[in-house]
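The structure appears below as structure tokens.
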There are 2 protein chains.
Amino acid sequence: MPKVGMEPVRRKALVDAALHVIGDQGTLSVTMSDIARKAGVSAALAHHYFGSKEQLLVETVRSLLKQLRDDTVTALKAVGTPRERLSAIVRVSFQADQFAPETIAAWLAFYSDAQRSEETRRFLVIYARRLRSNLVDSLKSLCVADDAQRIAEGTAAMIDGLYIRRSLGSSPVTAEASIALTDDYITLHLNALSRQENAA
Amino acid sequence: MPKVGMEPVRRKALVDAALHVIGDQGTLSVTMSDIARKAGVSAALAHHYFGSKEQLLVETVRSLLKQLRDDTVTALKAVGTPRERLSAIVRVSFQADQFAPETIAAWLAFYSDAQRSEETRRFLVIYARRLRSNLVDSLKSLCVADDAQRIAEGTAAMIDGLYIRRSLGSSPVTAEASIALTDDYITLHLNALSRQENAA
DNA sequence: TATTTTTGATTGACTCATCAATCAATAAAA
DNA sequence: TTTTATTGATTGATGAGTCAATCAAAAATA
């Protein structure tokens with residue numbers, strides 16, 4: 001059974017398993033055993049490859065973030081006009097896998113963890129910045145920089161907020177409704193600005 | 001030192017201490033000892049009065065929620081017009097103590113915990129419903145029920161989202177900026193609706 | 001090709017620390 | 001004396017991290 005070149009395979013399996021288990025239990029207080037079992041290996045092996053639970057978790061946020069970035073890049077590739085790009089960014093955020101309850105639970109767990117772990121916080125800050133900068137970039141073609149900043153801030157907040165509300169699973173926040181709500185926000189602002197301009 | 005009638009005093013001290021420690025560490029994985037130390041008593045006493053850590057935590061969410069409700073009731077008491085009431089609701093959410101980093105950290109920890117604890121989830125759902133219903137009530141005086149629902153949903157999401165973004169402590173989300181952003185959202189929507197009406 | 005050596009993969013068993021929960025004992029009211 | 005408040009000591013469980021040992025593939029050597 002033992003073959004050479006297992007390392008990358010196992011690392012990926014463990015990170016994926018971690019994400020799964022964390023999403024399932026909604027907390028980072030999962031055991032290495034839980035994760036290892038899910039990945040079909042022993043806890044000792046997880047330690048062998050990652051050195052510590054902390055490190056495995058860091059790799060796990062990293063992977064979650066990478067996933068989102070890749071999705072975003074793909075989504076933006078096909079799209080042309082600034083307004084369409086904005087919608088694409090919004091849509092990606094509420095895409096099936098991103099908006100799945102377990103994924104949201106994992107995000108939440110990491111946000112909570114960011115209070116303690118400098119490294120986790122760094123990653124989440126990167127996510128926040130990226131989202132913001134993607135939004136601002138497109139918005140700048142449609143309004144002045146100052147307004148772009150403001151609208152981006154609001155849009156980002158709305159996206160994050162819809163995630164949280166979804167996490168409670170009580171209000172019927174569908175992906176479609178969330179997209180509509182966020183997209184409306186952008187449209188409304190842009191309309192208000194162009195009307196203002198016309199009046200002047 | 002031992003006197004009669006300590007129970008309520010100790011209970012309150014312990015719940016307050018729990019909130020503090022949780023906010024500080026940003027997780028519910030704090031020890032009974034930590035909490036008890038902060039409250040100036042032994043861990044054994046905490047168990048004596050609450051029976052279990054779980055129970056103490058439940059009382060702690062309850063208290064956090066009660067705080068917010070009391071603040072809201074107070075804020076709404078002095079205010080008359082529906083539009084003013086909306087602003088008051090928004091303002092309360094970003095009030096100094098609610099918007100303090102430790103308070104937000106505590107909220108986040110509870111949200112994360114809601115994935116596991118039925119009881120915690122119940123409390124958070126109550127919060128979500130209350131916020132929503134407060135918003136809808138006032139909005140209904142200003143637009144049709146259908147729109148009121150939608151605007152309330154968006155406003156609530158924006159509030160929650162601004163909390164999260166604040167929790168990362170990176171972007172300079174001041175309380176004032178958050179209030180402005182949320183209030184703008186409401187104004188913009190109401191304006192759009194009234195203009196639409198005029199056009200008809 | 002056959003045999004030996006080396007090395008990566010893997011785990012069960014163990015250690016050590018932490019923590020929730022319990023309990024028996026003490027001290028001070030009532 | 002009975003009740004309430006309070007704690008130090010203890011227990012039992014859990015879980016991260018370590019380690020020595022095994023196993024099989026690959027590489028080196030005969």
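Each chain gets a letter, A, B and so on, in the order its sequence line appears, and its residues count up from 1. Below, each value reflects all heavy atoms present in this structure, side chains not excepted, and no hydrogens, waters or symmetry copies. As the structure is a computational prediction, the values presented were derived from the model and not from experiment.
- Taking a cutoff of 4.0 Å between a charged side-chain nitrogen and a carboxylate oxygen, B/R121 and B/D113 do not qualify as a salt bridge.
- For the pair A/R62 and A/F123, the cation does not sit on the ring face, since its NZ or CZ is not both under 6.0 Å from the ring centre and inside 45° of the axis.
- Residue contacts shown for B/V9 are absent, as no nucleic acid heavy atom lies under 4.0 Å away.
- Put simply, A/R10 has no side-chain N or O that comes within less than 4.0 Å of OP1 or OP2 on C/dG8.
- Residues of residues 36-61 of chain B having a heavy atom closer than 4.0 Å to DNA chain C, listed by number: B/A44, B/H47, B/S52, B/K53.
- The nearest whole Å value for the distance from the CG atom in B/L14 to the P atom in D/dT7 is 10 Å.
- Between A/E7 atom CD and C/dG8 atom C1' there is a gap of 10 Å when expressed in whole angstrom units.
- Under the 3.5 Å distance criterion, with hydrogens and angles disregarded, a donor-acceptor pair is assigned to the side chains of A/S87 and A/R83.
- As rounded to whole Å, 14 Å separates atom C1' of D/dT7 from atom CE of B/M32.
- Shown here is B/D146, whose CG atom has no more than 12 heavy atoms of other residues, nucleotides or ligands within 6.0 Å.
- Within 6.0 Å of atom CD in B/Q55, more than 12 heavy atoms from other residues, nucleotides or ligands are found, so the atom counts as buried in its surroundings.
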Could you list the donor-acceptor pairs under 3.5 angstrom formed by side chains in residues 95-110 of chain B, with sequence neighbours left out?
{"from": "B/Q95", "atom 1": "NE2", "to": "B/D71", "atom 2": "OD2", "distance (Å)": "3.0"}
{"from": "B/T103", "atom 1": "OG1", "to": "B/D97", "atom 2": "O", "distance (Å)": "2.7"}

